[in-house]
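First listed ligand is number 1; within each ligand, the first listed atom is number 1. Hydrogens, waters and symmetry mates are skipped; everything else that's a heavy atom, side chains included, is used. Note that the coordinates shown come from a computational prediction; the quantities given were computed from them, not determined experimentally.
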Amino acid sequence: MKRGVYRTYRPGYPPAVTNSERSFFGHPGGLAILFLTEMWERFGYYGMRALLILYLTAAAAEGGLAMSTADAGAVYALFTSLVYFLGLPGGWIADRYLGQRKAVLFGGVLIALGYFAMAVPSMVAFYAGLGLVIAGTGLLKPNISAIVGQLYAAEDERRDAGFSLFYMGINLGAFLGPLVCSWLGEKVDWRTGFAAAGVGMCVGILVYMAGQRRLGDAGLRAAPAERPESSTLQLRQLALGAVLGGVALAGVAAAWGLGWLVPTAESISNAFGVFLILLVLVFFAWLFRTGNWTPTERGRLWAIVALFVAAAFFWGAYEQAGSSLNLFARNATDRTIGGWEFPAGWFQWVPALFVILLAPVFAWLWTRLGSRQPSSPVKFSLGLLSVGAGFLVMVAASVRSAGGAKVGVGWLLATYFFHVVGELCLSPVGLSTVTKLAPARVTGLMMGVWFLAAAVGNYLGGRVAGMYETVSLPTLFGIVAGTTLLAGIVLALASPRVRRLMGGVR
Ligand code: GLN
């Protein structure tokens with residue numbers, strides 16, 4: 001960091017805090033509002049997600065929906081994938097029409113309504129609730145991060161630290177949500193757990209509304225496209241989306257009419273999977289064809305493709321926390337302490353706690369290493385290797401649990417430790433690297449691409465969990481470990497090449 005930059009933040013110099021008189025750990029006061037809003041949103045999301053697959057698969061006598069794991073995995077995959085997928089149109093709608101501030105508010109209201117709907121004893125209300133959460137999160141999640149970015153002037157060096165603080169808010173929510181909702185959901189009643197998620201979101205909305213003044217004018221207006229190219233790009237983007245959506249709908253309708261598609265959870269989820277893969281392929285093909293990219297830009301786009309694939313594999317393994325690993329916690333882990341069995345969902349707050357504890361260590365490490373720190377492709381590869389190592393631990397744990405034995409809590413704790421080490425290598429650098437690599441006129445679009453990688457990953461993670469009963473666990477976890485380790489090795493070997501493609505961006 002340059003010394004001159006520090007100087008401007010000394011008291012008496014042009015004020016460091018632009019949008020509010022009061023500051024938040026030396027950051028704009030508005031960050032406190034966004035931190036708390038996102039904390040409560042994640043409280044709801046991870047609280048609800050900790051219950052979801054357990055509720056879907058629990059026997060009717062236990063108040064669950066008694067689904068097979070194949071069906072439950074399909075519903076879970078479709079839902080968690082769409083939550084991230086809708087970040088693409090959600091960001092776009094805010095950019096063009098609503099502005100980020102309103103998008104976050106509307107999104108929050110839809111999410112809260114969604115959780116309350118899931119608490120209503122009706123199948124229609126439950127699925128409508130899932131739909132509302134998808135739409136609401138699509139509006140809220142990308143846009144609240146965009147507002148964080150707008151709290152800082154372009155040259156403000158505190159921006160990265162601001163995002164790290166915000167990531168803490170995410171994980172504080174991800175820690176508290178499963179703690180409260182799993183206890184209520186598993187020990188009292190599933191619906192009380194879902195309603196608690198809704199109450200959390202309501203608190204978030206109240207904080208957000210009360211804090212409007214402290215946000216200044218960050219995210220207030222829909223930003224008009226800065227350059228004519230970017231507005232054509234967005235128009236083409238919309239047209240492409242409409243055509244793809246139309247083709248997909250027509251295809252589904254035709255398949256249905258021909259009797260090829262029986263609308264079950266699995267077939268709908270399959271259809272979505274095909275759509276997702278086609279969309280990714282068409283999207284990148286289109287991206288390379290449309291822009292008049294310079295050779296450097298083209299190289300960087302290829303680097304983004306490599307990082308995208310790596311991130312999709314990473315999230316595919318990591319996000320099984322809520323699916324297969326949640327099932328393993330319920331079915332195969334000894335959870336009794338002093339005669340009391342704690343809820344399976346309590347394992348869901350472990351990764352968040354590890355993030356809170358380890359993030360400062362990693363921040364220190366990267367600063368300490370300075371220019372000697374590994375490049376982004378190497379960090380991505382470390383992320384993949386670490387998540388793979390976590391699944392190797394699960395192979396050993398599932399071998400021990402064969403024949404219905406219950407294993408100690410240490411196995412899942414060790415697995416989550418590796419997963420979080422991987423997350424901290426990959427996730428914080430991911431978004432910033434992708435935005436730095438993207439040609440300026442498509443930065444917003446590339447943020448959406450980052451969420452698209454999470455959508456693909458969540459889909460994979462859910463579908464793998466669907467095989468929980470049909471494939472032996474050591475094999476299933478072994479395949480996940482093998483795939484991610486292999487991907488990590490390939491990326492490590494390719495990293496000098498990827499670095500060259502990055503054209504000077506670290
Ligand atoms: N855990 C982070 C969050 O909830 C990142 C999740 C993701 O991108 N898959 O925001």
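- Counting non-hydrogen atoms of other residues, nucleotides and ligands closer than 6.0 Å to CZ of F288 gives a total above 12.
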Write out each pair where an N or O from ligand 1 and one from the protein are under 3.5 Å apart, with the distance.
{"unit_1": "ligand 1", "atom_1": "1 (N)", "unit_2": "Y46", "atom_2": "OH", "d": "3.2"}
{"unit_1": "ligand 1", "atom_1": "4 (O)", "unit_2": "R42", "atom_2": "NH1", "d": "2.9"}
{"unit_1": "ligand 1", "atom_1": "4 (O)", "unit_2": "Y46", "atom_2": "OH", "d": "2.6"}
{"unit_1": "ligand 1", "atom_1": "9 (N)", "unit_2": "E319", "atom_2": "OE2", "d": "2.8"}
{"unit_1": "ligand 1", "atom_1": "10 (O)", "unit_2": "K141", "atom_2": "NZ", "d": "2.5"}

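- Pairs of residues two or more places apart, or lying in two chains, that qualify as ring-ring contact (aromatic ring centres under 6.0 Å, His included) and include a residue from residues 417-438 are F354-F417, F391-H419.
- N326 and Q320 are not linked by any side-chain donor-acceptor pair at a separation below 3.5 angstrom, with hydrogens and angles left out of the test.
- With sequence neighbours left out, the side-chain hydrogen bond (donor to acceptor under 3.5 Å, both in side chains) criterion links R101 to Q212.
- The salt bridge (Lys or Arg N to Asp or Glu O under 4.0 Å) contacts involving residues 449-466 comprise E266-R463, where partners must be two or more places apart or lie in separate chains.
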Report task. Dump the intermediate steps for side-chain hydrogen bond (donor to acceptor under 3.5 Å, both in side chains) on S427 and Y167, then the final yes or no. Result -> CA-CA 10 Å; S427 182; Y167 211 70; 2.8 Å; yes
